[in-house]
There are 2 protein chains.
Amino acid sequence: MSIDIRINLNNELYIKDPQISKLGRNIIHKSIDMIYLAGFESFTFRKLAKEIQSTEASVYRYFKNKHMLLLYLVNWYWEWVGALIEINTLNIKDPKDKLGIIIQSFVSASNQNPVISYVDESKLHNIVIAEGTKSYHTIQVDKDNSKGLFKSYKNLVGMVSSVIKEVNPSFEYPNALASNLFEMANNHLFFSEHLPKLTNIKQKKNNEQEVERMLNYFVDKLLSCSV
Amino acid sequence: MSIDIRINLNNELYIKDPQISKLGRNIIHKSIDMIYLAGFESFTFRKLAKEIQSTEASVYRYFKNKHMLLLYLVNWYWEWVGALIEINTLNIKDPKDKLGIIIQSFVSASNQNPVISYVDESKLHNIVIAEGTKSYHTIQVDKDNSKGLFKSYKNLVGMVSSVIKEVNPSFEYPNALASNLFEMANNHLFFSEHLPKLTNIKQKKNNEQEVERMLNYFVDKLLSCSV
DNA sequence: GTAATTAGATAGTATTGCTATCATTTTTAA
DNA sequence: TTAAAAATGATAGCAATACTATCTAATTAC
């Protein structure tokens, strides 16, 4: 069983909301597959159109270009992880426990039961790991930012930051730690698979648990230490 | 005054060594300018050829494609930072002091006097900040890695890792911390300018010093804490 | 001074990244 | 229910990108 809830995304991300039509959902579904398999560079709207048996022109009616589609996908992920964290920390009182759940969500939220039938969260997480930073490493980052296209990420970081402040109000860099936990989770999952010398996570089935353990180890030292 | 020393780079990075000819050095010099100004996405060999008053075919005789040129540039940076750290820590005994110099080098090595006349280290650092991770976030990362195209980065991380182990032999993730310090330095310089909500570094003239202070703060807690 | 290397000039080709137009199908609203 | 509106499909086209190839001219090396 899967329930189709709606994820709320900045409408500057798309021309026409892909969530409300069959074709739109197809675009999302298949573009995740294709970017997951062959990477963002080789992905084109023409190839996508062919895969979903539609036309290039139709895809362009939903997204201005493939950069906007990538932004849509990563925003989707940011929103989704944020929502999961909200749900899973709802009854938790201890901020340290909250932070543990946050770390777990950053590393392996995609192992949760899927929320939306046409989005494969596990593949999407892999896209965020491999292509996520390309969403802001562009020449138009400031323009994109002023349109609110990174709001979901900033909200997520804001939320985590406030938990960090609960754990240790005197920690001086809560936002930096929050964004770094997110980036580190993704980086070290990537490194363990492709560039193992850049990490200490061994490439194994349980590298997710290892990354989770590492991030908790870092956080413990950073927040429970009076040095 | 500037002295032209030679940086030693894996010869898989290029077809013909750009360091040994006027045209080659011109390619490096001008491509740094252009990528710095307009970003890697809009950079093409045709535009570059026009700028240096040469031809596309000539540029292709040095580099297989623009991805290899980017790899060349980031390798150049990794080697250069590594060399600077070697020089500046040569007479330092205390590993904690060494780590301080490493952090300073990650953040602002480019403020040192330039080493090679046709490479603007400050612009190059900005390229590494904005485009560096694109060098390994590709579908061919494993192939590139097996050719040794990330060796300079891995060496750098290995070197920093051994200093970390000197400071605290029981720290469990020295390689991860080393690569994270490098990435964090770059990320937070970028965030402070473009996405300030993701960091606690204020956008000011002295954001480099602030990032340096932050990284030292993190390292202190991580390595001098028995929690 | 000749051979070898390097660079310039030019051309060509498949693919990318769009935009535009018109015809059809599907949806919606009176 | 039917006419209008909206969405999609079909097709075309075009400038730019990412190369490859070939031939000639200049430079350098022996």
Side-chain angles (χ1 to χ4, degrees), chain A residues 4 11-31 34-35 37-73 118 131 134-135 138-140 143-144, chain B residues 11-31 34-35 37-73 118 131 134-135 137-140 143-144:
Chain A
D4 273 14
N11 60 21
E12 293 278 340
L13 287 164
Y14 47 79
I15 295 166
K16 190 187 302 185
D17 186 352
Q19 291 187 96
I20 59 169
S21 78
K22 188 102 202 288
L23 177 61
R25 290 186 295 268
N26 236 288
I27 288 171
I28 301 306
H29 177 76
K30 206 69 194 179
S31 62
M34 292 175 70
I35 297 172
L37 277 174
F40 185 63
E41 269 62 46
S42 83
F43 172 79
T44 74
F45 279 2
R46 195 165 294 187
K47 290 178 192 166
L48 171 64
K50 205 177 176 187
E51 281 282 322
I52 59 176
Q53 271 142 208
S54 177
T55 62
E56 219 181 336
S58 296
V59 177
Y60 275 103
R61 286 180 186 120
Y62 284 85
F63 292 101
K64 198 171 184 316
N65 51 49
K66 73 172 185 167
H67 175 241
M68 294 306 292
L69 174 53
L70 179 65
L71 265 170
Y72 183 92
L73 294 179
Y118 57 93
E131 325 283 1
K134 293 173 191 169
S135 66
T138 68
I139 203 77
Q140 75 264 30
K143 214 174 173 188
D144 285 352
Chain B
N11 61 20
E12 293 277 342
L13 286 164
Y14 47 78
I15 294 166
K16 189 187 303 185
D17 186 353
Q19 289 187 96
I20 59 169
S21 79
K22 188 102 202 288
L23 177 61
R25 291 187 293 270
N26 237 288
I27 288 171
I28 301 305
H29 177 77
K30 206 70 194 178
S31 62
M34 292 175 71
I35 297 172
L37 276 174
F40 184 63
E41 268 63 46
S42 84
F43 172 79
T44 74
F45 279 2
R46 192 165 298 186
K47 289 178 192 166
L48 171 64
K50 205 176 175 187
E51 282 282 322
I52 59 177
Q53 270 141 209
S54 177
T55 62
E56 219 180 336
S58 297
V59 178
Y60 275 102
R61 286 183 187 117
Y62 284 85
F63 293 101
K64 197 173 185 312
N65 51 49
K66 73 173 185 165
H67 175 241
M68 293 307 292
L69 174 54
L70 178 64
L71 265 169
Y72 183 92
L73 295 179
Y118 57 92
E131 326 282 1
K134 293 173 190 168
S135 66
H137 282 144
T138 67
I139 202 78
Q140 74 265 31
K143 215 174 172 186
D144 286 352

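Heavy atoms only: backbone and side chains are in, while hydrogens, waters and symmetry mates are out. Chain naming here is simple, since letters A, B, ... match the order of the sequence lines and numbering starts at 1 in each. Quantities reported herein were computed from a predicted structural model and do not represent experimental measurements.
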Using the 3.5 Å cut-off, write out each protein N or O paired with an N or O of nucleotides 10-15 of chain D and the distance between them.
none

Original post:
Considering residues at least two apart in sequence or located in another chain, which fulfil the side-chain contact (heavy atoms from CB on, under 4.5 Å) criterion with B:Leu23?
Top reply: B:Ser21, B:Ile27, B:Ile52, B:Ser54, B:Ser58, B:Tyr62
Original post:
Can A:Lys134 and B:Glu41 be counted as an ion pair, charged N to O under 4.0 angstrom?
Top reply: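 No, A:Lys134 and B:Glu41 are not salt-bridged.
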Nearest-Å distance for atom pair [atom1]/[atom2], residues [X] and [N]:
X       : N      : atom1 : atom2 : result
B:Leu48 : D:dA16 : CG    : C1'   : 16 Å
A:Lys50 : D:dT8  : NZ    : C1'   : 20 Å
A:Ile20 : C:dT26 : CD1   : C1'   : 14 Å
B:Leu23 : C:dT5  : CG    : P     : 18 Å
B:Tyr60 : D:dT22 : OH    : P     : 17 Å
B:Lys66 : D:dA16 : NZ    : P     : 16 Å
A:Phe63 : C:dC18 : CZ    : P     : 14 Å
A:Glu41 : D:dA18 : CD    : C1'   : 14 Å

Between [atom1] of [X] and [atom2] of [Y], what distance do you get to the nearest 0.5 Å?
X       : Y        : atom1 : atom2 : result
A:Arg61 : A:Ile15  : CZ    : CD1   : 10.5 Å
B:Phe43 : B:Leu69  : CZ    : CG    : 5.0 Å
A:Leu71 : A:Thr138 : CG    : OG1   : 7.5 Å
A:Arg25 : A:Asp17  : CZ    : CG    : 10.0 Å
B:His67 : B:Asp144 : NE2   : CG    : 5.0 Å

Original post:
Residues two or more places apart in sequence or in another chain: which of them pass ring pair (Phe, Tyr, Trp, His ring centres under 6.0 Å) with B:Phe40?
Top reply: none
**OP:** Run through A:Tyr72, A:Phe45, A:Tyr14 and flag the one making a ring-ring contact (aromatic ring centres under 6.0 Å, His included) with A:Phe63.
**Re:** A:Tyr72
Do the side-chain N or O atoms of [X] get closer than 4.0 angstrom to the phosphate oxygens (OP1, OP2) of [N]?
X       : N      : value
B:Thr44 : D:dA16 : no
B:Lys47 : D:dT17 : yes
B:Ser42 : D:dA16 : no

Subject >> Minimal non-hydrogen separation, B:Ser135 against B:Leu70, with atom names >> reply: N-CD2, 4.1 Å
Please work out if [X] contacts a base, only the sugar-phosphate, or nothing of the nucleic acid, heavy-atom cut-off 4.0 Å.
X       : value
A:Lys22 : nothing
B:Phe45 : nothing
A:Tyr62 : sugar-phosphate

**OP:** Among the candidates C:dC18, C:dT6, D:dC19, find the nucleotide nearest to the side-chain atoms of B:Lys16.
**Re:** C:dT6
**OP:** Not counting sequence neighbours, list each pair that qualifies as a salt bridge (Lys or Arg N to Asp or Glu O under 4.0 Å) and has a residue in residues 42-56 of chain B.
**Re:**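 Counting only pairs at least two positions apart or across chains, the salt bridge (Lys or Arg N to Asp or Glu O under 4.0 Å) contacts touching residues 42-56 of chain B are B:Lys30-B:Glu51, B:Arg46-B:Glu56.
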Original post:
Under a 4.5 Å cut-off applied to non-hydrogen side-chain atoms, are B:Glu131 and B:Leu73 in contact?
Top reply: no
Subject >> Between the first and last five pairs of the helix from C:dG1-D:dC30 to C:dA30-D:dT1, the angle of the axes, rounded to 10 degrees >> reply: 30°
Original post:
When every nucleotide of nucleotides 25-30 of chain D is labelled 5' to 3' by its protein contacts under 4.0 Å (heavy atoms), B for base, S for sugar-phosphate only, - for none, what sequence of letters results?
Top reply: ------
